[in-house]
Amino acid sequence: KPRYAVFGNPVVHSKSPQIHQEFAKQEKADIDYDRIYADIGAFAEAAAAFFAAGGQGANVTVPFKLDAYDFVDEHSERALAAGAVNTIIPLGNGRFRGDNSDGVGMVNDIIQAQGVEVAGKNVLLIGAGGAVRGVVPVLQEKQPASIVITNRTHGKAQEVAERFGIEAVEMDKLPAAHFDIVINGTSGGLSGELPAVAPEVFARCALAYDMVYGREAEPFLQFARQSGAAKTADGLGMLVGQAAFSYSLWRGFEPDIKPVIDYMKNV
Ligand code: ATR
């Protein structure tokens with residue numbers, strides 16, 4: 001059986017094994033997909049051991065996406081843009097390619113599963129960390145009318161804006177009733193903290209999206225709904241979408257994400 005795994009710390013709660021087994025059912029394939037816990041500072045060792053034992057692909061989650069970036073020998077454009085690797089593809093001869101499927105996962109969720117067009121729309125990105133950097137180039141491919149980035153620390157938003165040729169606007173200077181899609185990529189939700197965006201920013205928002213899923217996404221999505229967002233979505237579809245893109249990179253089979261998102265809502 002081909003062997004895959006997700007590396008993380010912690011990793012016990014990862015939903016990736018279930019998601020990938022659903023994809024394998026679609027493909028009518030028989031695969032192993034394990035969770036592998038690595039000690040901080042010991043990612044490279046753990047990954048090398050996994051591939052030496054015949055592993056055919058790996059996902060990488062918090063806090064190892066930068067270690068994975070350093071581990072691989074070559075990077076996809078997406079991984080370079082994000083500065084982070086969440087998918088490792090063995091090339092043979094002990095060489096590895098690093099990719100990043102987070103941006104593709106989010107954009108496919110928005111377009112395919114949420115049914116919201118990105119082309120021609122005004123998009124607001126909140127946050128300027130690795131999560132947001134990874135999605136910018138993939139959003140740009142879908143030709144939105146504009147992408148604005150805003151962040152608590154404005155300087156970081158300016159750096160990202162310069163790198164990708166988008167616009168940075170300070171959080172308290174965002175235009176009202178301008179954005180069609182508002183995406184929260186900050187980690188504040190983990191502690192129940194909201195980015196300081198005015199409610200008017202959501203006045204004509206068709207979709208408010210949080211990159212995290214479950215309870216952590218709720219404060220932001222609730223605020224967006226109360227402020228007028230027509231539709232909200234947490235990052236469960238992004239999780240399934242990034243897994244699907246990783247799966248296709250390893251196996252050349254493109255899973256259908258919608259039934260798997262519905263399945264994961266109920267497990
Ligand atoms: P990741 O790689 O997951 O994106 P990161 O690089 O640490 O993580 O970035 C976290 C992002 O969440 C940053 O944009 C951060 O804002 P700052 O650049 O000002 O630090 C944002 N963030 C974290 N906690 C926040 C909070 N309580 N309110 C607003 N933004 C917050």
Side-chain angles (χ1 to χ4, degrees), residues 6-11 13-16 40 43 59-71 75-76 78-87 98-107 109 123-139 147-164 166-174 179 182-199 201-202 208-224 227 234-239 241-243:
V6 55
F7 288 79
N9 180 338
V11 78
H13 298 295
S14 170
K15 295 182 191 293
S16 291
I40 305 298
F43 170 78
N59 280 134
V60 182
T61 187
V62 180
F64 296 130
K65 292 184 189 187
L66 294 178
D67 297 88
Y69 189 93
D70 294 335
F71 175 79
H75 302 85
S76 72
R78 287 176 295 264
L80 287 173
V85 160
N86 81 335
T87 306
D99 209 320
N100 191 309
S101 62
D102 287 329
V104 173
M106 188 195 77
V107 170
D109 179 36
V123 180
L124 174 64
L125 288 169
I126 309 172
V132 166
R133 281 200 308 272
V135 304
V136 176
V138 188
L139 277 171
I147 302 178
V148 168
I149 181 169
T150 193
N151 190 47
R152 179 176 60 185
T153 310
H154 184 57
K156 267 176 73 184
Q158 284 177 307
E159 279 172 31
V160 177
E162 212 160 289
R163 174 163 179 181
F164 293 106
I166 61 177
E167 192 189 352
V169 176
E170 284 169 79
M171 235 180 240
D172 57 359
K173 296 198 176 65
L174 292 167
F179 298 105
V182 179
I183 299 168
N184 184 23
T186 69
S187 50
L190 301 171
S191 48
E193 285 176 66
L194 287 177
V197 173
V201 167
F202 297 92
Y209 194 94
D210 202 305
M211 291 197 206
V212 301
Y213 64 86
R215 263 185 315 155
E216 287 161 11
E218 250 334 283
F220 174 77
L221 297 181
Q222 204 175 338
F223 175 63
S227 307
D234 73 3
L236 181 65
M238 177 175 178
L239 180 73
Q242 64 78 25

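As the structure lists them, so they are numbered: ligands from 1, and atoms in each ligand from 1. Keep in mind it's a predicted model, so treat the numbers as computed, not measured. For the numbers below, each heavy atom of this structure counts, side chains included, while hydrogens, waters and symmetry mates do not.
- A donor-acceptor pair shorter than 3.5 Å can be found between the side chains of S76 and D99.
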Dump the intermediate steps for ring pair (Phe, Tyr, Trp, His ring centres under 6.0 Å) on F64 and F43, then the final yes or no. CA-CA 7 Å; F64 296 130; F43 170 78; 5.4 Å; yes

What verdict does the ring pair (Phe, Tyr, Trp, His ring centres under 6.0 Å) test give for F202 and F223, after you've listed the backbone C-alpha separation in whole Å, the side-chain angles of each residue and the deciding distance to 0.1 Å? CA-CA 9 Å; F202 297 92; F223 175 63; 5.6 Å; yes

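- Between the side chains of N86 and S101, at least one donor N or O sits under 3.5 Å from an acceptor N or O.
- For T87 (side chain) and N100 (main-chain N/O), no donor-acceptor pair under 3.5 Å exists by modelled atom type.
- Ordered by chain and residue number, the residues placing a heavy atom less than 4.0 Å from ligand 1 are G127, A128, G129, G130, A131, N151, R152, T153, K156, T186, S187, G188, E193.
- Donor-acceptor pairing under 3.5 Å is recorded for the side chains of Y209 and D109.
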